[in-house]
Chemist: 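Take this structure, written in structure tokens, and hold onto it; I'll ask about it next.
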Amino acid sequence: MSRDHLHGAVTAPGTAAHDADAPFLELLARGAAADAYDRPVLLARAEGGSDERIAALEHARLLALRVRAELEGRRRREAELSALFETAHDLAGPRDVDAVLQAIVQRARSLLGTDIAYLSLNDPARGDTYMRVTEGSVAARFQQLRLGMGEGLGGLVAQTARPYVTDDYFRDDRFRHTAAIDAGVRDEGLVAILGVPLTLGPNVIGVLFAADRRARVFEREQIALLGSFAALAAAAIDTANLLTETRSALAGLERANEIIRDRSAVIERASDVHDRLAELVLRGGGVHDVAAAVSQVLDGAVEFTDSAPADALEASRAEGHAVRHRDDWVAAVAAGGELLGALVLRGHPGLDPVDQLTLERAAMVTSLLLLARRSAAEAEQRVRGELLDDLLDARDRDPRLLRERAARLRADLDATHVVLAARLDVVAPDADHEAAARRRLSAAASHLAATRHGLASSRDGGTVLLLPLEAGDSATELARRTALHLGGAVHETVTVGASGPVRDLAAAPDAVVAGYEEGRRCLDALRLLGRRGDGAAAEDFGFLGLLLAGERDVTGFVARTIGKVVAYDERRGTDLLRTLDAYFASGMSPARTKDALHVHVNTVAQRLERVGRLLGDDWQSPARALETQLALRLHRLADPPRH
């Protein structure tokens, strides 16, 4: 966030507001704690400051806290991604497993901001789990704990292979407390504990923990992140075991030298792909770059897809390994229990175990890249939505700051735009299904806005978009294309109503509000007329467009309807308008029209023929005739005869 942005976010018009901003800007600059933001208000009250002064300070305090929270959130997200990428890089080549596990525990503690993090491993011979690595622990008894299956929170995680979290360990009766475990936890002073399983395929090999010495509620995102670290820890242990097996084979089997050399070559090839994957992560590569790198190393065609065979995909996710499907290999790409897609190696039925492991590592790196991309997309989506919300709600914003914020999003508020109101038309079986459809619509609208250099936000149960209008394009065509695009993206029916062109958005934000209301009226009209899944603007509804438009464009309606006739009369000095008036007043009877005008009936026929050439052959159809009569009436009212 730039300093200009910070200043624009916490200032309000007037000298008092500017004075009120100063102490909070200073607090933001030095990264003060949240409670420090109360002091300027308390000091002003103690000094007997005016109500206006205190109100300005309160307003500035709230905005400064919002900015502080946003900055902290961004720093936290950067730290999360950095920790995940660094850990993935640690696994790129063979390393001592203790060093890797220690790094994972350290980064998990730093990432979640907990007092302590630790990792236990299962002991199949004794049927329990024991402490392997700790970070931040101060109690010797705690560091030597062994937990029986089902005992304590960790024993329950190891037994059930499911994450467990408690915000107050000693008051939680969901798991079995024992004297030894409770004594160790009490020595360490722990209160809130989160544990996630370390799994290799269907087997639980240990537990990764993060804990605090005070009450705390762990969020769903934090549980998912710790789960990602647990997956990396399990991968490190798996790699170490594989290397140990290889060394044992080299030392104990003289007869297998040739096989061992081949295996070593495969491991070297795997190390090479790990280096390539780490380089891709660090330079910001994409999932298709990962697939291309693995294709070269495995000498086969690898692709990322979200339509792999369902049974193979589910088996891979459940086992944590790549699985064979006919002549292909499928490795699920998942994070925090969410299935993101799959890496598929085509036409390669015979796959070395280490090559299989390489494919699995590539799937893990792909999931990290997808999470990073999603995080960045969600951040940009939120910023675009906030700017559009400000245009719709806070109409006293500084135009210069609005333009600067838009420019950072590659949007130009000085260009001509159209405001579009989009809504799903779906009969959902339940609330969850409807909420998921709305989220898909919001995501699709945000992606469309980003690619078209516009803005998008969720509003009133639907979505509002602000898209630039290209030269030669119309609001109607833009609305129809948007309805088609969004409907295809979310696989549901989406109806879109559009405003007319709006201009000078930064200087006249009321235009955005008026445009949104006009777009909503068009959307409601489309749904009432049974045109669900279509897109339209006010101009598409003929004289009904006058009722739908935010500003009654009478001149535009008259020009669109009878403008050619008006222009013809003005150029030629003819009486086509007067003839039309008389024709409709006479019940569309040429005979009665010639009596009203005192001309020959052939003259009436010639004039009506000329009108038909100007307005089109269907000008006497009921719908066109109604619009023409209304336009004639409005034209007379706007330009009454002079006496």
Side-chain angles (χ1 to χ4, degrees), residues 374 376-395 405-406 409-411 413 415 417-428 431-469 473 475-502 505 509 511-529 531-538 540 548 550:
R374 176 190 294 180
E378 288 174 350
E380 180 176 345
Q381 176 181 344
R382 182 168 57 255
V383 173
R384 288 182 182 275
E386 288 172 355
L387 177 54
L388 183 52
D389 286 338
D390 283 347
L391 288 171
L392 288 167
D393 297 329
R395 281 164 271 171
R405 291 170 61 188
L409 298 170
R410 296 183 299 163
L413 296 185
H417 286 71
V418 172
V419 184
L420 303 110
R423 185 180 292 272
L424 283 167
D425 284 300
V426 56
V427 179
D432 290 341
H433 183 91
E434 182 176 355
R438 287 184 178 180
R439 286 194 296 271
R440 292 197 304 273
L441 175 61
S442 178
S446 297
H447 179 72
L448 177 62
T451 57
R452 288 289 312 276
H453 307 304
L455 304 173
S457 180
S458 297
R459 205 170 188 86
D460 300 324
T463 298
V464 55
L465 299 95
L466 183 67
L467 299 181
L469 187 65
D473 202 359
T476 298
E477 289 303 316
L478 182 57
R480 288 174 178 167
R481 289 198 307 271
T482 302
L484 185 63
H485 177 89
L486 295 180
V490 302
H491 305 293
E492 301 285 358
T493 300
V494 178
T495 308
V496 177
S499 71
V502 292
L505 305 184
V512 181
V513 179
Y516 176 53
E517 293 301 326
E518 182 177 328
R520 287 188 62 190
R521 285 192 291 270
C522 287
L523 172 62
D524 292 340
L526 284 171
R527 301 176 78 189
L528 287 171
L529 294 172
R531 292 173 57 183
R532 298 175 186 268
D534 199 358
D540 301 314
L548 296 173

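Just so it is clear, the model here is predicted, and its values are computed rather than measured. Atoms considered below: every heavy atom in the structure, side chains included; atoms not considered: hydrogens, waters and symmetry mates.
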Chemist: Using distance only, find each side-chain donor-acceptor pair of residues 479-493 under 3.5 Å and give its atom names and separation, not counting sequence neighbours.
Modeler:
residue, atom, partner, partner atom, Å
R481, NH1, D473, OD1, 3.4
R481, NH2, D473, OD2, 2.5
T482, OG1, L478, O, 2.7

Chemist: One pair to check against side-chain contact (heavy atoms from CB on, under 4.5 Å): H417 and V502. What are the steps and the verdict?
Modeler: CA-CA 5 Å; H417 286 71; V502 292; 4.0 Å; yes

Chemist: Write down the atom of L467, the atom of A449, and the distance for their closest heavy-atom approach.
Modeler: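 Of all heavy-atom pairs spanning L467 and A449, the closest is CD2-CA, 4.1 Å.
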
Chemist: Donor-acceptor check, side chain of S499 to backbone of V419, threshold 3.5 angstrom: yes or no?
Modeler: yes

Chemist: So, the side chain of R452 versus the backbone of P468: is there a donor-acceptor pair under 3.5 Å, distance only?
Modeler: yes

Chemist: Please check this pair: side chain of S458 against backbone of T463, looking for a donor-acceptor N/O pair closer than 3.5 Å.
Modeler: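 Looks like no, no N/O pair under 3.5 Å.
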
Chemist: So which heavy atom on L523 is nearest to which on A421, and how close?
Modeler: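 Taking L523 first and A421 second, the nearest heavy atoms are CD2-O, 3.9 Å.
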
Chemist: Please name the pair of heavy atoms, one in A445 and one in L465, separated by the smallest distance, quoted to 0.1 Å.
Modeler: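 Nearest heavy atoms, A445 then L465: O-CD2, 3.8 Å.
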
Chemist: May I have the step-by-step check of side-chain contact (heavy atoms from CB on, under 4.5 Å) for D425 and R527, ending in yes or no?
Modeler: CA-CA 9 Å; D425 284 300; R527 301 176 78 189; 2.9 Å; yes

Chemist: Determine the minimum heavy-atom distance between C522 and A498, stating which atoms define it.
Modeler: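 Heavy-atom minimum between the residues: SG-O, 3.6 Å.
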
Chemist: Does S442 reach the main-chain N or O of R438 with its side chain, forming a donor-acceptor pair under 3.5 Å?
Modeler: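 Not confirmed, S442 side chain does not pair with R438 backbone.
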
Chemist: Write down the atom of T495, the atom of R531, and the distance for their closest heavy-atom approach.
Modeler: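 T495 and R531 have their closest heavy atoms at CG2-O, 4.0 Å.
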
Chemist: For the residue pair A422 and V496, what are the closest heavy atoms and their distance?
Modeler: CB-CG2, 3.9 Å

